[in-house]
2 protein chains.
Amino acid sequence: MTNPSPGRGSPASPTARPRVLLVDVAREAGLSKTTVSAALNGTGRLSPAVRERARETARRMGYRPNPTARQLRAGRARLIGFMVGELAGAPWTLLDSPYYAQLTSATAAAALKRGYALVLLPAGSLHGEWAELPLDAVIVADPVGDDRIIDDLIAARIPVITDRSVEGRPGAYWVDVDVVAAMRETLDHFEAQGARRPALVLPDSPTQFYAGALAAYGDWCAEHGRPEHVVFAPEAGNGPVVAAVEEALGGTRRPDALCVVPEASPPLVLEAARRHGYDVPGDLLVVCVSEDLTATHTRPALTTLSLVPREVAEAGIDLLVAALEQGSAPSAGVLVPTRLEVRASSLRTGRR
Amino acid sequence: MTNPSPGRGSPASPTARPRVLLVDVAREAGLSKTTVSAALNGTGRLSPAVRERARETARRMGYRPNPTARQLRAGRARLIGFMVGELAGAPWTLLDSPYYAQLTSATAAAALKRGYALVLLPAGSLHGEWAELPLDAVIVADPVGDDRIIDDLIAARIPVITDRSVEGRPGAYWVDVDVVAAMRETLDHFEAQGARRPALVLPDSPTQFYAGALAAYGDWCAEHGRPEHVVFAPEAGNGPVVAAVEEALGGTRRPDALCVVPEASPPLVLEAARRHGYDVPGDLLVVCVSEDLTATHTRPALTTLSLVPREVAEAGIDLLVAALEQGSAPSAGVLVPTRLEVRASSLRTGRR
DNA sequence: TTGAAAGCGCTAACAG
DNA sequence: CTGTTAGCGCTTTCAA
């Protein structure tokens, strides 16, 4: 008696029991849909008694409003797509990078805080993957070539947020990191620590970010009268990057400082330097662009240039939510400063 | 003329232009909603001419079907929630772990392949975070304590997939990794390579997985008459784990093999061994449970025990899709075998 | 072969 | 203060 199980429906198939609807609750409580809806949503002017009765009945019956129906009414789904562009062929390998992992998790967290959920979208997105989903907006992390997707999104009137390459396009917002300032800060730091031959390891990729880093390095060297020493890593990944580090260190031009821009494992980079007979930070100052937490556990601890994925995520979501809720964002883009986290590997002061 | 921009609506606000609806297309093409819908979906029996006309008009007008409305009709949203349980306080830090990063990305990829998208959910999920979303199912990666969430999900008739701790509950499916076999394989491998005093580093956490590993180690040692040597790491993270490794290696009981179960950075573990005067693999065989790709780049390369996140993801999605689409899965759970990736760090044969 | 009409489940005007 | 009614945008019987 007072058995919570409905008993109706085919008893043979327990999973097929029909969901409890608003109308069921209304009937059970002897009220109308409107009243129950208002009671549950805290809207309207209802007597406390009725409100409580409706709520009680709903709870007792295990009522759960159908989110899709609400979305249809509301006109938006509170869903944001998150798509990482580079490496369309090997989708999602990028989460292996601490930067993308943190960017992803921070974006999800920031979105959730504002009441939006993040859906993971594959890199390639064969033009229409996302079309099945009621996305209020889409974040395209590091678009490469596939501007196609951004065009499609804009054509579908879905706000997009990505990097600065879309600057000026209506409906497209951007967040980027200030590479130029970052490079200068790093090189100034080397200089202040007494280094005079800073070398740079860069990915051989035409990304705007890397191009900016290279240009900033060139400018800085020219201004300070230092020789340029750049080595390119043919691909991303620890293997090629470590090889590039070795190439930079192994030649006859012994640099006295090294900045590794493509994300590589801190301990592997230090090991490579050691193999080539360098004492860090004695003979060589090292800075890696990385979010890898192992940097604090190497000996010496490694100075890193953080691309602040969490701040980038927050800024992006802020922009998007403003655009979504106020109709348009205060500005179309945000430039976020990086953070040089100085540790022992780039501090010569410890040397006597 | 033949200007594609509608011109209707307030010209001052370009973003406010109303979306084009199915009914707009129908009117424009001189057809009915039904016909256009059928034409676009490839259903119904329409004359090729009409079908093409409808399609052309839709394309020209930039029509995009409203996904929410379709979902409401279809009854499902093709959306799967992905929630990682442990560390409710520090949401998403877990993506810093290669295992979770790969599990996440592989799950998203597997789901997409079956036509479902993955939504990232925060760990805590204050009982109702997910209720706003039309989730067809939810994946709870490593539930801890918060069985509460699983109960809620089941009560809401949303299929759940998680680890073996839910075995036997209706509506709950599980995928787990065969820890016992994994430990035995590792220890057998050590034994085959001539090691006689294998030590174990374990997290000090009551997870089923770790408990299983500990039990399997105990059993194996008893069977083979080897002394047990277990050191617990108080927390996850490279710092505590490396400290535990040092404790295991630094004492008077010099082990000749070491299995590090909590995920730690391969190069950091090797460095720790080196600091304590061990030659790997000369005096010490090392295996780490890890998905970290740096394992292949250390010298020597590090043997890893992979918990096969990609296979786990595939198995989970398969189960879920079966449950969702056939009404019930062939079985309630799947046990996935791990993979020992043998590299130089655990091969004594190289020694002369 | 095509179209009118009836919902999917919910919320928000408007009456009563 | 509560209930009736009209949609949100789409798909899909069922007639014509």
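In what follows, chains are A, B, ... by sequence order, proteins preceding strands, each numbered from 1.
Spacing between atom CD of A:Gln71 and atom P of C:dC8 amounts to 18 Å, rounded to whole angstrom units. Separating the CZ atom of A:Arg51 from the C1' atom of D:dT2 is a distance of 12 Å, rounded to the nearest angstrom. Atom-to-atom, CG of B:Leu31 to P of C:dA4 comes out at 11 Å; the value is rounded to the nearest Å. Nucleotide D:dT5 holds its C1' atom 15 Å from the CG atom of A:Leu22, rounded to whole Å. The distance from atom CG of B:Asp24 to atom P of D:dC8 is 11 Å, rounded to the nearest whole Å. If you take CD of A:Glu132 and P of D:dT11, they are 11 Å apart, rounded to a whole angstrom.
The side chain of A:Asn66 lies closest to C:dG9, out of C:dA4, D:dC10, C:dG9. When each of C:dG9, D:dC1, C:dT2 is scored by its nearest atom to the side-chain atoms of A:Arg73, the top-ranked nucleotide is C:dG9. Checking D:dT11, C:dT11, D:dG9 against the side-chain heavy atoms of B:Asn41 singles out D:dT11 as nearest. Of the candidate nucleotides C:dT2, D:dC10, C:dT11, C:dT2 has the atom lying nearest to any side-chain atom of B:Leu46. The side chain of B:Lys33 sits closest to D:dT11 out of D:dT11, C:dC10, C:dT2. Relative to the side chain of A:Leu21, the nucleotides D:dT11, D:dC8, C:dC10 differ in distance, and C:dC10 lies closest.
B:Thr34 comes within 4.0 angstrom of a base, heavy atoms only. Counting non-hydrogen atoms under 4.0 angstrom, B:Arg45 reaches a base of the nucleic acid.
Distance check: A:Arg59 CZ to A:Glu52 CD gives 6.0 Å after rounding to the nearest 0.5 Å. Note that CG of A:Asp318 and NZ of A:Lys113 are 8.0 Å apart. Values are rounded to the nearest 0.5 Å.
For C:dC10, one of the phosphate oxygens OP1 or OP2 lies less than 4.0 angstrom from a side-chain nitrogen or oxygen of A:Tyr63.
Each of B:Thr35 and A:Leu72 has a nearest nucleotide on DNA chain D; the 5'-most of these lies closest to A:Leu72. Nearest-nucleotide positions on DNA chain C place B:Gly44 closer to the 5' end than the other of A:Ser37 and B:Gly44.
Using a 4.0 Å cut-off between charged nitrogen and carboxylate oxygen, A:Glu28 and A:Arg60 count as a salt-bridge pair. Using a 4.0 Å cut-off between charged nitrogen and carboxylate oxygen, A:Glu132 and B:Arg76 do not count as a salt-bridge pair. Ion pairing of B:Asp152 with A:Arg64 is absent here, as no side-chain N (NZ or NE/NH1/NH2) approaches a carboxylate O to less than 4.0 Å.
Scanning atom types as modelled, no donor and acceptor separated by under 3.5 angstrom connect the side chain of B:Thr43 and the base of D:dT11.
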